[in-house]
Amino acid sequence: MKLFIATTLLSAAAAFSPARTSTPIRSVTSLDASKCGNFDFDVIIVGCGVGGHGAALHSRAQDLTTAVFSGQDVGGTCVNRGCVPSKALLAASGRVREMRDSAHLSEFGIEVEGEVKYDREGVAGHAKQLANRVKGNLEGSLVALGVDIVDGRGVLTGTAHEVKDENSGKIYTAKDIILAPGSIPFVPPGVTVDEKTVYTSDGALELNSVPEWVAIVGSGYIGLEFSDVYTALGSEVTFIEALPNIMPTFDREIAKLAERLLIRERPIDYRTGVFASEVTPGIPGEKPVTIKMIDANTKEHVETLEVDACMIATGRVPNTQNMGLEESGIETVRGFIAVDEKMRVLTKHEDGEVVPNVWCIGDANGKMMLAHAASAQGISAIENIVGREHAVNHDAIPAACFTHPEIAMVGPTEEQAIERAEKEGWTLGKSTGSFRANSKALAELEGNGMAKVLYNKDTGKVVAVHIIGIHAADLIQECSNAVAAGTTVQELSMMVHTHPTLCEVLDEAFKGAVGMSAH
């Protein structure tokens, strides 16, 4: 999921934000003060999610006059319908799970009398309030730094340097245009979504109900996180996965451990190798949701499920329709815009030519569909706009799944790393650390989990790290920095880690890579 704000938010800036109107917010760097010659702005950014926001802040840091077309959606998917509110649901439901686990609490010497209850509307309200607060901080930081915000959705006109406000029809010009339209949930053919009994992550985040039995189509990050929420609040869950394995995009060793910790020990079952070929909404309390499943290979009908609700978590697709790409000579594949390593837009994916002064960041280019990746790409695009060549190292960008316990990773899976090593002619090394031997994890009674370090034996450089365990999402950053800096396991093995902390799990793995022991 996409939870990462790469820039410092100015929390006090919201107090200086003027009332929103349908016209651009005027700022100290607006049209009259622009230094961009024949253009209205130096940079126009179409889209105001985490990627667009990061690009805008860095643009202003370079003293470029900047406008953002927000489409009345400051914060985008991440803040309003994604990683931010979902973390609020996970935090609240996680407390419920913890307080209902009497056996776990008794090991701490804690006893909770009576039934642990929750208010569904209160939990949903916590998520909504958090999203609104973060959205306000984002908007306030833009205004405080002098970014002009246009409420309408921006579309290309087919004429170089032009962006049209879809609401008003007004055309704005800029020397450089950054496309950051983000993505929307993918709904497979045959699935009818009513956002009440059959819903995407957008509807799930509203938490309009806690179904007794919910089917989740797809077992990636989004599906796993919501299975965590639902089971904590009392639901039974059935995963429907088209691929042969549950959690197919995760490192296999990590996925097997995750299956034990996150699925087998909970009221969850799953079907693999099947498509949800037809999903029909129901009526809450009256009529069930009907899910017809077919074999992924033979396409023959194998089973029909009747459940209280069905969540569609089958990934996301670029939000690039009807934004003037064709008129600008830009071809897409499944909606994705082709870019080079500098984030410059190409006319097509195969042998495409650079479209001058047009850039694309975030989910729409498909390189890595994570909010913090979008922000990094936005900063990189601005660097290239001002003449400092830069390319994002996507192998060094971490990702996390905020289940209980968490899963985090940076770099390729072990399976991918084996292929890469064979293809490039180097030897892959592997070392692990265990949460079971970690004093801090044991103090928390959270000894389940592991960290796996993959490295190049010839150079010692860290290639990838995969972690499952308490606070894995926080632990992965040290590993991401190591990949980005080209740090070796020899160097990492001699770095001192605070005792007693969870990061000693990594210290154990780093030391193990060079034949040392950690205590």
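Under a 3.5 Å cut-off, the side chain of Thr66 and the backbone N or O of Val43 do not form any donor-acceptor pair. A donor-acceptor distance shorter than 3.5 angstrom exists from the side chain of Glu241 to the backbone of Ser219, with no hydrogens or angles considered. Side chain of Thr173 to main chain of His161: no donor-acceptor pair is present (N/O by atom type, distance under 3.5 Å, no hydrogens or angles). Here the side chain of Thr332 pairs no donor or acceptor atom with the backbone of Arg334 at under 3.5 angstrom. Remark: side-chain polar atoms of Ser431 are paired, donor with acceptor, to backbone N or O of Ala509 under 3.5 angstrom. Checking side-chain atoms of Ser480 against main-chain N and O of Gln477 turns up no donor-acceptor pair under 3.5 Å. A donor-acceptor pair under 3.5 Å is formed between the side chain of Lys511 and the backbone N or O of Ser493.
Between Val217 and Pro188 there is no side-chain heavy-atom pair separated by less than 4.5 Å. Using a 4.5 Å heavy-atom threshold, the side chains of Leu243 and Thr272 count as separate. Between Val505 and Ile467, the closest side-chain pair of non-hydrogen atoms is not below 4.5 Å. Side-chain contact between Asp340 and Trp359 is absent, with no heavy-atom pair separated by less than 4.5 Å. Ser328 is not listed as a side-chain neighbour of Val358, based on a closest heavy-atom distance of 4.5 Å or more.
For Phe435, there are no ring-ring contact (aromatic ring centres under 6.0 Å, His included) partners, not counting sequence neighbours.
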Name each donor-acceptor pair under 3.5 Å that joins a side chain in residues 377-390 to protein atoms two or more places apart or in another chain, with its distance.
| from | atom 1 | to | atom 2 | distance (Å) |
| --- | --- | --- | --- | --- |
| Gln377 | OE1 | Gly362 | N | 2.7 |
| Gln377 | OE1 | Asn365 | ND2 | 3.0 |
| Gln377 | NE2 | His394 | NE2 | 3.0 |
| Ser380 | OG | His390 | O | 3.4 |
| Ser380 | OG | His390 | ND1 | 2.8 |
| Glu383 | OE1 | Arg388 | NE | 2.9 |
| Glu383 | OE2 | His58 | NE2 | 2.7 |
| Glu383 | OE2 | Arg388 | NH2 | 2.8 |
| Asn384 | OD1 | His390 | N | 2.8 |
| Asn384 | ND2 | Lys342 | O | 3.3 |
| Asn384 | ND2 | Ser380 | O | 3.1 |
| Asn384 | ND2 | His390 | O | 2.9 |
| Arg388 | NH2 | Gln62 | OE1 | 2.7 |
| Glu389 | OE2 | Lys342 | NZ | 3.3 |

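The nearest pair of heavy atoms linking Ala374 to Ile361 is O-CD1, 3.9 Å.
Ring geometry, Phe41 versus Tyr172: the interplanar angle falls from 30° to 60°, so the pair is classed tilted.
How far CD of Glu508 is from CE of Met450: 10.0 Å, rounded to the nearest 0.5 Å. To the nearest 0.5 Å, the span separating OG on Ser183 from CZ on Phe336 amounts to 8.0 Å. Leu370 contributes atom CG, which lies 6.5 Å from atom OH of Tyr221 (distance to the nearest 0.5 angstrom). Atom-to-atom distance recorded for Asp42:CG and Asp176:CG is 8.5 Å, nearest 0.5 angstrom. Here the CG atom belonging to Asp228 is positioned 10.0 Å from the CD atom belonging to Glu406, to the nearest 0.5 angstrom. Taking CZ of Phe275 as the reference point, atom CG of Asn297 lies at 8.0 Å (rounded to 0.5 Å).
Side chain to side chain, His497 and Glu478 meet the donor-acceptor criterion of an N or O pair below 3.5 Å.
Counting heavy-atom neighbours within 6.0 Å of Glu327 CD, excluding the residue itself, gives a total above 12. Heavy atoms of other residues, nucleotides or ligands lying less than 6.0 angstrom from CD of Glu353 number 12 at most. More than 12 heavy atoms of other residues, nucleotides or ligands shown are found within 6.0 angstrom of CZ on Arg252. Other residues, nucleotides and ligands contribute more than 12 heavy atoms inside 6.0 Å of the CE atom of Met495.
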Test Glu195 against Thr200 for side-chain hydrogen bond (donor to acceptor under 3.5 Å, both in side chains), laying out the working first.
CA-CA 7 Å; Glu195 294 296 0; Thr200 65; 2.9 Å; yes
Salt bridge (charged side-chain N to carboxylate O under 4.0 Å, His left out) assessment of Lys170 paired with Asp40
CA-CA 12 Å; Lys170 184 175 180 179; Asp40 297 332; over 6 Å; no
Any chance you could lay out the salt bridge (charged side-chain N to carboxylate O under 4.0 Å, His left out) test for Glu331 and Lys348, step after step, and finish with the verdict?
CA-CA 5 Å; Glu331 296 181 11; Lys348 54 185 179 180; 5.6 Å; no
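Checked against Asp251 for a side chain to side chain donor-acceptor pair (under 3.5 Å), the options Lys256, Gln416, Lys452 give a single hit: Lys452.
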